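A short worksheet on the structure shown next.
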Amino acid sequence: MKIAVILGTRPEIIKMAPIIRLAHNRPDLDYFILHTGQHYGYEMDKTFFEELELPQPKYNLGIGGQPYRKQIGYMVNAIMQILNQEKPDVALVQGDTVSVLAGALAANKLRIPIGHHEAGLRSHDLTMLEETNRIITDHIADYLFAPTPDAYKNLIDEGLTDKKVVLSGNTVVDALNQNIKIAEKKASILKKLNLTSKEYLVATAHRAENVDNEKRLYGILKGLYLVARDLKLPIIYPIHPRTLKNIKNFNFKIPPGVRLTKPLGYLEFLQLEAHAKLIITDSGGLQEEACILKVPCVTLRDNTERPETVAAQINILAGANPEKILACAWKMISEDKVWINPFGDGRAAERILNSLNDKLNNKNI
Ligand code: UD1
Ligand code: UDP
């Protein structure tokens, strides 16, 4: 079986890493990495290949930093050319980014089977580009890997057959399990930033609907200010380049109590998350990691495609309203919690590869 692993952004590299590492060590599998270059540079891209000891991509389209319409057109065209040349048995994509949709559309056009890891997530908010990306990808994919029972149910409810859908778990757990001990041994971010375990908060925000919107970004920064002031704890904010650019464009000041850092490597970031008292974020991956690491989470969105953690009351939706962010932060640090991890047992990569192998070798399964 030959797999085209198509990826383009930070979370895709992290979540594909367990699959790539496993495929690399299996003599029955052939694979290559096709990087769209949507994320680029050391902090958003190369550091993850180094830290996770991944082989270099065979192809890199270098299409980062371009407007959406330019990216999608160029990516589909270039991916088609590569897939046509490589003739893989399956094109594997992960998540809901532009790179995912482009990879899926290119494979679909060439009638190459598509595998979609993290299938079935739904925010039910079609104003999010990611929601349309994931719906389209799911409905043209041949092998759907749903991370949670909720995601599995969404796919079946939309009429996809259970022959196509596998409940695999999410490789975010595999990646975290494989790296948390290494992070605790090797990373020294607490020392570097002069922090004490459980006496600081971590924040991240990068979603277009938050940080491209002046009012919402202002609300989030004001919310972080109120939280740092009232909880009397510093907030460490490794900032996404998109957000930094918008803070400058809107002429906003970083509020007292909020400490910006550049985007961190995965090991340092895992260590920072694990020792935080609270995580405040609009990131999908952070909502998952907070729950696995048993750190309460406040989500800076009005909806989430990861509703399991909200139902279990270990995550709460605060939107971008400063007072609501503060009230949610107090609530999350004050209440006792029953921790659940709906994202799997850390063997998702193995399940995905075994399932692809079985299905491709026996088309009737
Ligand atoms: C993308 C995904 C989002 C995902 C996020 C993970 C889409 C539509 N969005 O958002 O779903 O949650 O990645 O982080 O696919 N930039 C840099 N350096 C980089 C990457 C980006 O400077 O390495 C800047 C550029 O100015 C770029 C902007 O950030 O134009 C936005 O980057 P883009 O990849 O379009 O979207 P993200 O916000 O990163
Ligand atoms: N991450 C990281 N360094 C950072 C911020 C995040 O390594 O400074 C990791 C984090 O551990 C998670 C992933 O990046 O695995 C989440 O990526 P992001 O928030 O950019 O995207 P999303 O998950 O929202 O698509």
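First listed ligand is number 1; within each ligand, the first listed atom is number 1. Owing to the predicted nature of the structure, the values given are computational and were not obtained by experimental measurement.
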**Candidate pair Glu50 and Thr47, rule side chain to side chain donor-acceptor pair (under 3.5 Å), full reasoning** = CA-CA 5 Å; Glu50 274 179 24; Thr47 181; 5.4 Å; no

Any idea which protein heavy atom is nearest [atom], and the distance to it?
{"atom": "atom 4 (C) of ligand 1", "answer": "His206 NE2, 3.8 Å"}
{"atom": "atom 14 (O) of ligand 1", "answer": "His39 CE1, 3.1 Å"}
{"atom": "atom 24 (C) of ligand 1", "answer": "Pro241 CB, 4.0 Å"}
{"atom": "atom 27 (C) of ligand 1", "answer": "Gly65 CA, 4.0 Å"}

**Request:** Test Asn133 against Asp96 for side chain to side chain donor-acceptor pair (under 3.5 Å), laying out the working first.
**Result:** CA-CA 5 Å; Asn133 290 346; Asp96 53 23; 6.0 Å; no

**Asked** Are Glu158 and His139 linked by a side-chain donor-acceptor pair shorter than 3.5 Å?
**Response** yes

**Message:** Under 3.5 Å, is there a donor on one side chain and an acceptor on the other for Gln94 and Glu118?
**Reply:** yes

**Message:** Ring centroids only, cut at 6.0 angstrom: are Tyr218 and Phe252 within range, meaning strictly under it?
**Reply:** yes

For ligand 1, the portion of [X] having any non-hydrogen atom under 4.0 Å away:
{"X": "Val98", "answer": "both"}
{"X": "Arg242", "answer": "both"}
{"X": "His240", "answer": "side chain"}
{"X": "Pro11", "answer": "side chain"}

If you measure every N or O of [X] against every N or O of ligand 1, does any of those distances drop under 3.5 Å?
{"X": "Tyr40", "value": "yes"}
{"X": "Lys245", "value": "yes"}
{"X": "Arg10", "value": "no"}

**Item:** Arg122/Asp157 ion pair, N-O < 4.0 Å
**Value:** no

**Message:** Does this structure show an ion pair linking Arg216 with Asp302, if we count only N-O contacts that are shorter than 4.0 Å?
**Reply:** yes

In ligand 1, which numbered atoms sit nearer than 4.0 Å to a non-hydrogen atom of [X]?
{"X": "Met44", "value": "19 (C), 23 (O)"}
{"X": "Thr97", "value": "2 (C), 15 (O)"}
{"X": "Leu129", "value": "8 (C)"}
{"X": "Glu130", "value": "3 (C), 9 (N), 11 (O)"}

**Request:** Identify the heavy atoms of Ala106 and Ile79 that sit nearest to each other, and give their distance.
**Result:** CB-CG2, 3.6 Å

**Prompt:** Looking only at heavy atoms, which two atoms of Tyr266 and Glu51 are closest? And how far apart?
**Reply:** N-OE1, 2.7 Å

**Asked** Is there a chain of hydrophobic side chains (I, L, V, M, F, W, Y, each step under 4.5 Å between heavy atoms) that links Val100 to Ile136?
**Response** yes

**Asked** When you measure from atom 34 (O) of ligand 1 to each heavy atom in Glu12, Arg134, Glu43, Gln38, which option holds the nearest one?
**Response** Gln38

**Request:** Find out whether Arg301 and Ser123 are in side-chain contact, i.e. whether some heavy atom of one side chain is under 4.5 Å from a heavy atom of the other.
**Result:** yes

**ring pair (Phe, Tyr, Trp, His ring centres under 6.0 Å) against Tyr74, all qualifying residues, sequence neighbours excluded** = none

**Complete:** At a 4.0 angstrom heavy-atom cut-off, ligand 2 is contacted by Arg10, Pro11, Ile14, Phe48, His206, Arg207, Pro238, Pro263, Leu264, Gly265, Tyr266, Phe269, Glu273, Ser283, Gly284, Gly285, Leu286, Glu289

**Request:** On the 0 to 90° scale, with breaks at 30° and 60°, tag the Tyr31-His24 ring pair as parallel, tilted or perpendicular.
**Result:** perpendicular

**Request:** Classify the ring geometry between His240 and His206 as parallel (under 30°), tilted (30 to 60°) or perpendicular (over 60°).
**Result:** parallel

